[in-house]
Protein chains: 2
Amino acid sequence: MIKGDTKTAILDAAQELIQRSGANAMSYQHISEAIGIRKASIHHHFPTKDALLDALIRRYAAYFLGLVDSIVESKKDPASKLRAYAGLFEATLSEGKQDKACLCGMLGAELSTLGGPAAAGVRRFYRENEARLVRVLEEGKAQGQFHYKGDAKLVAAMIFSLLEGGVLVARAEGGHQRLHAMAEQTLKLLQR
Amino acid sequence: MIKGDTKTAILDAAQELIQRSGANAMSYQHISEAIGIRKASIHHHFPTKDALLDALIRRYAAYFLGLVDSIVESKKDPASKLRAYAGLFEATLSEGKQDKACLCGMLGAELSTLGGPAAAGVRRFYRENEARLVRVLEEGKAQGQFHYKGDAKLVAAMIFSLLEGGVLVARAEGGHQRLHAMAEQTLKLLQR
DNA sequence: GTCTATAGCGCGATAGAC
DNA sequence: GTCTATCGCGCTATAGAC
């Protein structure tokens, strides 16, 4: 193995596999082949698949929400913050050779097949993303840049679902350019 | 079996399983237990899983797009048409005891694991939904009910992704009421 | 911490009787 | 058209040597 930290290499491989094909299509065997280690060694680091998923979701949420926080707390104007936020999803889609979706977007589809801790982690990820979007939307409304009527929480839910769904749909047709165009169109609606 | 038509019963069971848990978590064994028939008998009607998925997607697309067409061609005003369209997704979510998602929304997440015909069917479903939304959006703009700037195709893509993603996210929290509220919020943005 | 080997199960799919 | 029986494989997980 090239990487110093086996645990990290396992998580990296598992994440990539799930972002492409989903958790139910990801196996210890696939990870094994991806990083050149035996299945039993993976079990040494993550005894069960549920434990692996739980650790993976925690790492992903911490990393992704960290990026979101640095956007939300930046000095950009609200519209630019939304653009940057959408850019995170566009980047996911365009990194690597095959289209990858948001880890938690994939797991959302397979939610009923996940263990309790993993499912709870996915729900938390959704909630925390929406909470951050609410902040940006209210800031934008206070500054006169956004002009939506109604509850900021609903607009936030709308934008989050749009991006999570948009990533999945864009993998079928259009890719990251299409997701980008959709995000810009959404901004137009918010700015009147 | 209660149903007269075995083929239909198989498709019904497979569809329900996939809408809850995804295609990779659905098996001939699960269908067998759901309708009280042996695995081998299912293979008699659908020799391979890919063939089953292909037939299922065709049936689902014909049914769903039929409902969409009757909405699009109705005498409702454009905003009411959009409400009725979103209602199709809300109904999917609330029918039965557990939350079901759109069949093709689920398969979109698992797209890379599908056979060629099934994947093509999912793509076609997306395209045809968006084409119908474009008609409603242009009608609404012509009548002065909608006020979006930009390309109707992008707004259509936005709304479709929002609903497909919204169904998946709403299963994690909020259910069909939340999806309904999101759809109403989206309409507010379109109507200014 | 990584390995070989294996248990035990569920999977998709097929053969052949009725 | 449905059944029993079975094949061969991939899966998660464990035991135990090194």
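All values reported here derive from a predicted model rather than from experimental measurement. Each chain gets a letter, A, B and so on, in the order its sequence line appears, and its residues count up from 1.
Using the six-membered ring where Trp is involved, A/F89 and A/F160 have ring planes that are perpendicular, over 60° apart on the 30 and 60° scheme.
When the P atom of D/dT12 is taken as reference, atom CD1 of A/I10 falls 13 Å away, rounded to whole Å. Atom NE2 in A/H43 sits roughly 13 Å away from atom C1' in C/dT6 (whole-Å rounding). The separation between B/I37 atom CD1 and D/dT4 atom P is 11 Å, rounded to whole Å. Summarising the geometry, the separation between CG on B/L17 and C1' on C/dG10 is reported as 15 Å, rounded to the nearest angstrom. Atom pair A/R38:CZ and D/dA15:C1' shows a separation of 17 Å (rounding to whole Å applied).
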Please list every donor-acceptor pair under 3.5 Å in which a side-chain atom of residues 61-70 of chain A meets a protein atom from a residue at least two apart or in another chain.
unit_1: A/D69; atom_1: OD1; unit_2: A/R132; atom_2: NE; d: 2.7
unit_1: A/D69; atom_1: OD2; unit_2: A/R132; atom_2: NH2; d: 3.3
unit_1: A/S70; atom_1: OG; unit_2: A/L67; atom_2: O; d: 2.8

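In the model, A/S21 has no side-chain atom that pairs as donor or acceptor with a side-chain atom of B/T113 under 3.5 Å. No donor-acceptor contact under 3.5 angstrom links the side chains of A/S41 and A/H44, judged on distance only.
Residue B/S41 places at least one side-chain N or O closer than 4.0 Å to OP1 or OP2 of D/dC3.
When all heavy atoms are compared, the tightest approach of A/H180 to A/E90 is ND1-OE1, 2.8 Å. Shortest non-hydrogen contact noted between A/A23 and A/L53 is CB-CD2, 4.3 Å.
Ion pairing of A/K100 with A/E95 is present here, as a side-chain N (NZ or NE/NH1/NH2) and a carboxylate O approach within less than 4.0 Å.
Checking C/dT2, D/dA13, D/dT2 against every side-chain atom of A/T6, the shortest atom distance belongs to C/dT2.
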Listed pairs, N/O of protein and of nucleotides 5-10 of chain D, under 3.5 Å:
none

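Checked against B/R59 for a side-chain hydrogen bond (donor to acceptor under 3.5 Å, both in side chains), the options B/D12, B/T8, B/D54 give a single hit: B/D12.
Listed in residue order, the members of residues 44-54 of chain A having a heavy atom less than 4.0 Å from DNA chain C are A/H44, A/H45.
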